[in-house]
Visitor: 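Dumping the structure here so I can ask a few things about it.
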Amino acid sequence: MNDVSAALEAILFSSNRPLKVRELQQATDADRNSIEGALEKLRESLEGRGVMLMRHHDEIHLATRPEYAGAVRRALRPEVSGRLSQAAYETLAIVAYQQPVSRARIEEVRDLITEVGRGSGPGQPKLYGTTMRFLQVMGLESLDHLPTPQNEAETPERANA
C-alpha cells in the first residue's frame with residue numbers, strides 16, 4: 001500500500017461520517033486520479049478483513065463488514081435502533097432499484113434515502129435516491145453490489161422508462 005492509500009485509510013478510519021473524494025484530495029494534496037487509484041488499492045487490501053471500503057457516488061466510508069456486525073454490536077453495545085418493517089424493506093428496495101422515484105413511492109425509510117432532484121411530470125415531483133446509510137444498513141460496499149432484480153422487465157416503472 002502506498003502513502004496516499006495509507007493516509008486515506010487513516011482518514012477514513014478516524015472519520016465518523018462518509019467523506020467526499022474532494023475532501024480526501026484536499027486532505028492529502030493529491031489529484032483525483034491518485035485518490036481513485038489509492039482507494040482501489042485500499043479496497044483490495046481490505047478484502048477478507050473485518051472492514052470494507054464503502055462507496056456511494058462520490059462519498060467514501062470505512063465500515064464494518066456485515067458478517068461481523070453482531071460481534072461489534074455485542075462488544076460496543078450501541079444504541080438499539082429498531083429493525084425495519086417488511087414494508088420499509090420493500091419500499092427501500094423500490095428506491096434502490098428504481099431511483100430516482102417520487103415521494104409517493106416512499107414513506108418509512110427517510111434516513112436511508114435523500115432527495116436527488118425533481119421529476120419532469122405534473123407538479124415536478126421530488127425524486128429520491130439512496131444514501132450512504134442505506135449501504136451501511138444493507139451491508140453493501142456500493143450500489144454496484146445490489147443483486148439484479150429477477151423480473152426487471154415486468155416492473156412497470158422500468159417498462160415506462
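Along the sequence shown, residues carry numbers from 1. For the numbers below, each heavy atom of this structure counts, side chains included, while hydrogens, waters and symmetry mates do not.
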Visitor: Starting from Phe13, can I reach Val21 by hopping between I/L/V/M/F/W/Y residues whose side chains sit under 4.5 Å apart?
Guide: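 In one cluster: yes.
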
Visitor: Which residue is it: Arg22, Lys20, Arg32? I am looking for the one with a salt bridge (Lys or Arg N to Asp or Glu O under 4.0 Å) to Asp58.
Guide: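 Exactly one option meets the salt bridge (Lys or Arg N to Asp or Glu O under 4.0 Å) with Asp58, and it is Arg32.
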
Visitor: Does Val51 reach the side chain of Val72, with side-chain heavy atoms less than 4.5 Å apart?
Guide: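 Heavy-atom side-chain distance check fails, nothing below 4.5 Å.
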
Visitor: When you look at Leu143 and His56, which way does the side chain to side chain contact (heavy atoms under 4.5 Å, CB included) test go after all the steps?
Guide: CA-CA 7 Å; Leu143 293 176; His56 187 266; 3.8 Å; yes

Visitor: For the OG1 atom of Thr131 and the CD atom of Glu59, what is their distance to the nearest 0.5 Å?
Guide: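 One finds 8.0 Å between OG1 of Thr131 and CD of Glu59.
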
Visitor: Measuring from atom CE of Met52 to atom CG of Leu42, what distance do you get when rounded to the nearest 0.5 angstrom?
Guide: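 So the CE of Met52 and the CG of Leu42 are separated by 13.0 Å.
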
Visitor: Quick check: are there more than 12 heavy atoms from other residues, nucleotides or ligands sitting under 6.0 Å from CZ of Arg118?
Guide: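 Count over threshold, so yes.
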
Visitor: Atom NE2 of His61 and atom CG of Asn16: how far apart are they, to the nearest 0.5 Å?
Guide: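 Answer rounded to 0.5 Å: 8.5 Å.
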
Visitor: Mind checking the CD1-CG spacing from Ile60 to Leu39? Nearest 0.5 Å is all I need.
Guide: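 It is 5.0 Å, given to the nearest 0.5 Å.
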
Visitor: Identify the two heavy atoms, one from Leu127 and one from Pro100, that lie closest to each other, and give their separation to 0.1 Å.
Guide: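 Scanning both residues completely, I find the closest heavy atoms to be CB-CB, 3.3 Å.
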
Visitor: Donor-acceptor check, side chain of Arg43 to backbone of Ser45, threshold 3.5 angstrom: yes or no?
Guide: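 Answer holds: no.
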
Visitor: Hydrophobic clusters here meaning ILVMFWY residues chained together by side-chain heavy-atom distances under 4.5 Å, can you tell me if Met132 and Val116 are in one?
Guide: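 No, no single cluster joins them.
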
Visitor: If I compare all heavy atoms of Ser102 with all of Pro125, which pair ends up nearest, and what's the gap?
Guide: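 Reported closest heavy-atom pair: CB-CB, 4.1 Å.
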
Visitor: For a side chain to side chain contact (heavy atoms under 4.5 Å, CB included) check, start with the C-alpha distance between Leu8 and Leu19, then their side-chain angles and the critical distance, and finish with the verdict.
Guide: CA-CA 10 Å; Leu8 294 178; Leu19 297 172; over 6 Å; no

Visitor: Between the main-chain N or O of Arg49 and the side-chain N or O of Arg65, is there a donor-acceptor pair closer than 3.5 Å?
Guide: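 Present.
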
Visitor: Any donor-acceptor pair under 3.5 Å linking the side chain of Gln136 with the backbone of Ala63?
Guide: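 Checking the backbone N and O of Ala63 against the side chain of Gln136, no donor-acceptor pair under 3.5 Å is found.
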
Visitor: Grab the two heavy atoms, one from Thr28 and one from Ala7, that are nearest each other, plus how far apart they are.
Guide: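 So the two residues come closest at CG2-CB, 4.1 Å.
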
Visitor: Write down the atom of Gln99, the atom of Gly129, and the distance for their closest heavy-atom approach.
Guide: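 Taking Gln99 first and Gly129 second, the nearest heavy atoms are OE1-CA, 3.0 Å.
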
Visitor: Any chance you could measure Glu141, atom CD, to Leu135, atom CG, to the nearest 0.5 Å?
Guide: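 Spacing of CD (Glu141) from CG (Leu135) equals 9.5 Å.
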
Visitor: Could you tell me which non-hydrogen atom of Phe134 sits nearest to which non-hydrogen atom of Leu140, and how far apart they are?
Guide: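 That closest heavy-atom pairing would be CE2-CD1, 4.1 Å.
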
Visitor: Taking Ser15 for its side chain and Ile11 for its backbone only, find out whether a donor-acceptor pair lies under 3.5 Å.
Guide: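 Not confirmed, Ser15 side chain does not pair with Ile11 backbone.
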
Visitor: Checking Thr130 side chain against Ile113 main chain: does a donor-acceptor pair fall under 3.5 Å?
Guide: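 Such a contact is absent between Thr130 side chain and Ile113 backbone.
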
Visitor: Does a salt bridge link Glu44 with Lys41, judged by any charged N lying under 4.0 Å from a carboxylate O?
Guide: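 Answer for the salt bridge query: no.
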
